[in-house]
Amino acid sequence: MKKLAHQTVLITGASSGIGRACAQAFAAAGARLLLVARRKERLDALTAELRKEYQTQSHVASLDVRRRTDVDRFFSHLPAEWRTIDILVNNAGLSRGMDKLHEGSLDDWEEMIDTNVKGLLYVSRAVVPGMVERGRGTIVNIGSIAGHEVYPRGNVYCATKHAVDALTKGLRMDLMDTPVRVCTVDPGLVQTEFSEVRFRGDRSRAQAVYQGYTPLSPDDIADAVIYAATRPAHVQIAEVLILPTAQASTTLVHRT
Ligand code: NDP
Ligand code: 8X3
């Protein structure tokens with residue numbers, strides 16, 4: 001029997017990078033998948049792949065987690081057989097730009113805060129009550145080393161990840177009298193589309209972020225998420241900070 005057979009997992013931001021790798025890892029472990037992101041065509045391609053490889057049952061939807069009414073509508077229209085969510089992976093997130101704060105773009109700030117903080121809150125508010133009611137559930141937030149440290153020009157992105165850290169800790173306190181577990185998996189440098197999004201499609205600038213050392217892969221992070229989700233019920237993996245071996249802090253990376 002696969003470890004997560006009959007468990008339903010909701011992954012936000014499953015169309016790329018870490019979210020996509022989590023979908024693959026949960027599929028391999030036998031879970032049923034609820035996958036959301038804005039680019040539905042990518043989710044459709046991924047589910048076809050997972051159905052073929054693991055016979056995974058999936059339900060996908062195009063969802064922008066920044067849109068509160070869309071998030072409400074998504075959950076209120078979920079088919080009955082998809083309403084029992086056992087594991088929530090709050091992964092959707094992004095960074096925009098690396099500007100000094102006094103030169104920064106207000107639109108970039110809104111996008112990061114609305115996605116990384118408010119989107120995570122909207123989804124959690126919709127999912128967690130059912131977990132509490134059923135007396136079972138695991139929430140895994142994808143934080144960042146940027147939630148532990150601030151780096152130059154990281155101002156608002158780092159603030160959003162510090163907020164994720166605070167929300168993770170606060171939710172854990174609020175749920176300590178229930179069997180629901182709250183975890184955060186906090187990566188350092190992972191090679192995904194993250195930097196391409198941050199630098200608005202500037203590929204050479206994005207690629208330079210991952211040059212001269214071996215960065216983490218999205219699978220490395222999915223591994224930790226699966227670990228947190230598969231511990232015995234009395235074990236709560238509160239926090240996992242994962243760095244490439246060549247990274248010691250947000251600003252210290254040994255490049256050759
Ligand atoms: P990617 O850009 O590869 O993936 C980001 C995912 O988030 C995409 O699937 C994207 O889907 C989704 N997303 C973005 N905005 C929204 C939105 N408004 N609504 C729904 N989905 C959204 O980057 P990563 O995989 O690296 O990023 C995943 C998480 O990991 C983020 O929270 C990021 O902050 C965090 N992280 C990344 C690190 C790294 O070095 N890469 C390190 C530490 C943390 P779509 O565009 O289709 O909506
Ligand atoms: C993403 C990693 O160091 O670019 O959270 O902030 S970093």
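Atoms within each ligand, like the ligands themselves, are counted from 1 in listed order.
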Exercise. Within 45° of the six-membered ring axis of Phe194 and under 6.0 Å from that ring's centre, is NZ or CZ of Arg198 located there?
Worked result: no
For this session: Report yes or no: does Glu193 contribute a side-chain atom to a donor-acceptor pair with the main-chain N or O of Ser16 at less than 3.5 Å?
Result: no
Problem set entry | Per atom 7 (O) of ligand 1, closest listed option by heavy atom (Ser62, Ala21, Gly93) | Gly93
Problem set entry | Ala92, Gly188, Pro244, Gly119: member with heavy atom nearest to atom 22 (C) of ligand 1 | Ala92
Exercise. Which atoms of ligand 2 sit under 4.0 Å from any heavy atom of Phe194?
Worked result: 1 (C), 4 (O)
For this session: Could you tell me which atoms of ligand 1, counted from 1 in the order shown, lie closer than 4.0 angstrom to a heavy atom of Gly17?
Result: 3 (O), 25 (O)
Exercise. For atom 4 (O) of ligand 1, which candidate among Ser16, Gly19, Ala14, Ser15 holds the nearest heavy atom?
Worked result: Ser16
For this session: Could you say whether the N/O atoms of Tyr151 and ligand 2 ever approach to under 3.5 Å?
Result: yes
Exercise. How close does the nearest protein non-hydrogen atom get to atom 18 (N) of ligand 1, and which residue and atom is it?
Worked result: Asp64 OD1, 2.8 Å
Exercise. Is there a donor-acceptor pair closer than 3.5 Å between any side-chain N or O of Asn155 and the backbone N or O of Asp99?
Worked result: yes
Exercise. How long is the span from the CZ atom in Phe199 to the OG atom in Ser95, to the nearest 0.5 Å?
Worked result: 7.5 Å
Exercise. For atom 34 (O) of ligand 1, what is the nearest protein heavy atom, given as residue, atom name and distance?
Worked result: Tyr157 OH, 2.7 Å
Exercise. Please state which protein non-hydrogen atom is closest to atom 12 (C) of ligand 1 and give its distance, to 0.1 Å?
Worked result: Gly13 CA, 3.5 Å
Seminar exercise, completed: Rounded to the nearest 0.5 Å, the CZ atom of Arg20 sits from the CG atom of Leu43 at a distance of 9.5 Å
For this session: Go through ligand 1 atom by atom and flag the ones less than 4.0 Å from a non-hydrogen atom of Leu63.
Result: 19 (N), 20 (C)
Exercise. So, Arg67 side chain and Leu63 main chain: donor-acceptor pair closer than 3.5 Å or not?
Worked result: no
For this session: Write out the residue and atom name of the closest protein heavy atom to atom 46 (O) of ligand 1, then the distance separating them to 0.1 Å.
Result: Arg38 NH2, 3.0 Å
Exercise. Where is the nearest protein heavy atom to atom 40 (O) of ligand 1: which residue, which atom, and how far?
Worked result: Val190 N, 2.9 Å
Problem set entry | Heavy-atom donor-acceptor pair, Arg255 side chain to Gln211 backbone, under 3.5 Å | yes
Exercise. For Ser144, is at least one N or O under 3.5 Å away from an N or O on ligand 2?
Worked result: yes
For this session: Work out whether the distance between some heavy atom of Arg198 and some atom of ligand 2 is less than 4.0 Å.
Result: yes
Problem set entry | Nearest neighbour in protein (non-hydrogen) for atom 44 (C) of ligand 1 | Gly143 O, 3.1 Å
Problem set entry | For atom 43 (C) of ligand 1, closest protein heavy-atom neighbour | Pro187 O, 3.3 Å
Exercise. So which protein heavy atom does atom 26 (O) of ligand 1 come closest to, and at what separation?
Worked result: Thr192 OG1, 2.7 Å
For this session: Answer yes or no: does an N/O atom from Leu94 fall short of 3.5 Å to an N/O atom of ligand 1?
Result: no
